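Comments concern the structure below.
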Amino acid sequence: QVRLEASGGGSVQAGGSLGLSCKVSGATYNTYCMAWFRQAPGKEREGVAGIYTAGGSPYYADAVKGRFTISRDAEDTLYLQMNMLKPEDTAEYFCAAGHIFCGEDQMPVEQRFGYWGQGIQVTVAS
């Protein structure tokens, strides 16, 4: 059974940095998309960043380009480094995985991801 366990997050002042991590376990296939989504109060969940395990450039939403960095390690732990945080980055963040492709110009919709971690709150104060 595939499990995603997220950690990190917290509260920070605008301009600060936070990191998220997500450990994937139980995956029986070795090529899939690992991604971060976020959902702010009253808004729909949106894709923030995605990375394909077989390589290629990652996807970033326009709102986070140049500030967030997605990465993964050989142990299938997914990371999201968030720098220059803004109050509008305040949201609940979710890691997700799916047996689908994602790349610089292609981010699948959330319904395509079959596995999700628990939400992690990120709060950025102005």
Side-chain angles (χ1 to χ4, degrees):
Q1 181 178 359
V2 179
R3 292 188 59 189
L4 280 69
E5 185 171 352
S7 60
S11 299
V12 69
Q13 294 289 321
S17 299
L18 286 172
L20 304 177
S21 62
C22 177
K23 175 62 179 174
V24 179
S25 61
T28 57
Y29 41 81
N30 57 13
T31 54
Y32 52 98
C33 178
M34 303 174 73
W36 291 98
F37 286 77
R38 68 185 182 186
Q39 187 167 21
K43 295 187 177 181
E44 294 185 352
R45 191 176 299 186
E46 62 175 349
V48 174
I51 189 168
Y52 193 57
T53 59
S57 297
Y59 166 86
Y60 292 101
D62 288 342
V64 307
K65 281 182 180 177
R67 301 187 298 119
F68 289 14
T69 302
I70 188 171
S71 63
R72 59 179 284 268
D73 64 20
E75 303 300 321
D76 270 350
T77 297
L78 180 69
Y79 302 95
L80 186 68
Q81 178 62 38
M82 302 179 290
N83 298 326
M84 296 183 286
L85 282 160
K86 304 176 180 180
E88 51 264 44
D89 294 318
T90 295
E92 191 170 15
Y93 285 69
F94 300 85
C95 58
H99 191 29
I100 46 179
F101 174 79
C102 60
E104 184 175 9
D105 300 314
Q106 184 174 344
M107 178 64 167
V109 295
E110 62 174 298
Q111 291 81 1
R112 298 290 308 280
F113 289 84
Y115 306 101
W116 292 83
Q118 79 279 20
I120 297 290
Q121 182 65 37
V122 170
T123 302
V124 184
S126 58

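Computed from a prediction, not measured in an experiment: that's the story for all the values here.
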Just so I know, are the side chains of [X] and [Y] near enough to count as touching, which here means a heavy-atom distance under 4.5 Å?
X: Phe68; Y: Leu85; answer: yes
X: Asp89; Y: Arg38; answer: yes
X: Tyr32; Y: Asp76; answer: yes
X: Cys95; Y: Met34; answer: no
X: Glu88; Y: Thr90; answer: no

Minimum heavy-atom separation for [X] to [Y], with atom names?
X: Gly9; Y: Val122; answer: CA-CG2, 4.0 Å
X: Gly119; Y: Glu92; answer: CA-OE2, 3.4 Å
X: Pro87; Y: Ala14; answer: CD-CB, 4.1 Å
X: Met84; Y: Arg67; answer: O-NH1, 2.9 Å
X: Ala49; Y: Leu80; answer: CB-CD1, 4.2 Å
X: Phe94; Y: Arg45; answer: CZ-NH2, 3.9 Å

For this session: Hey, can you tell me if Trp116 and Phe37 have their rings parallel, tilted or perpendicular (30° and 60° cut-offs)?
Result: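 Correct class here is tilted.
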For this session: Over 60° means perpendicular and under 30° means parallel, so classify the ring planes of Tyr52 and Phe101, tilted if in between.
Result: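 Judged by the thresholds at 30° and 60°, the geometry between Phe101 and Tyr52 is perpendicular.
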Are [X] and [Y] joined in one hydrophobic group, where the rule is that I, L, V, M, F, W and Y side chains link up if heavy atoms are under 4.5 Å apart?
X: Leu78; Y: Met82; answer: yes
X: Leu4; Y: Met107; answer: no
X: Tyr59; Y: Val64; answer: no
X: Ile100; Y: Val24; answer: no
X: Tyr115; Y: Ile70; answer: yes

Measuring from [X]:[atom1] to [Y]:[atom2], what's the distance to the nearest 0.5 Å?
X: Ser126; Y: Gln13; atom1: OG; atom2: CD; answer: 8.0 Å
X: Lys23; Y: Tyr79; atom1: NZ; atom2: OH; answer: 8.0 Å
X: Cys102; Y: Phe113; atom1: SG; atom2: CZ; answer: 5.5 Å
X: Ser57; Y: Ile51; atom1: OG; atom2: CD1; answer: 9.5 Å
X: Leu20; Y: Gln81; atom1: CG; atom2: CD; answer: 9.0 Å
X: Thr69; Y: Asn83; atom1: OG1; atom2: CG; answer: 6.5 Å

Residue [X] excluded, over 12 heavy atoms near [atom1] under 6.0 Å:
X: Gln106; atom1: CD; value: yes
X: Arg112; atom1: CZ; value: no
X: Gln111; atom1: CD; value: yes

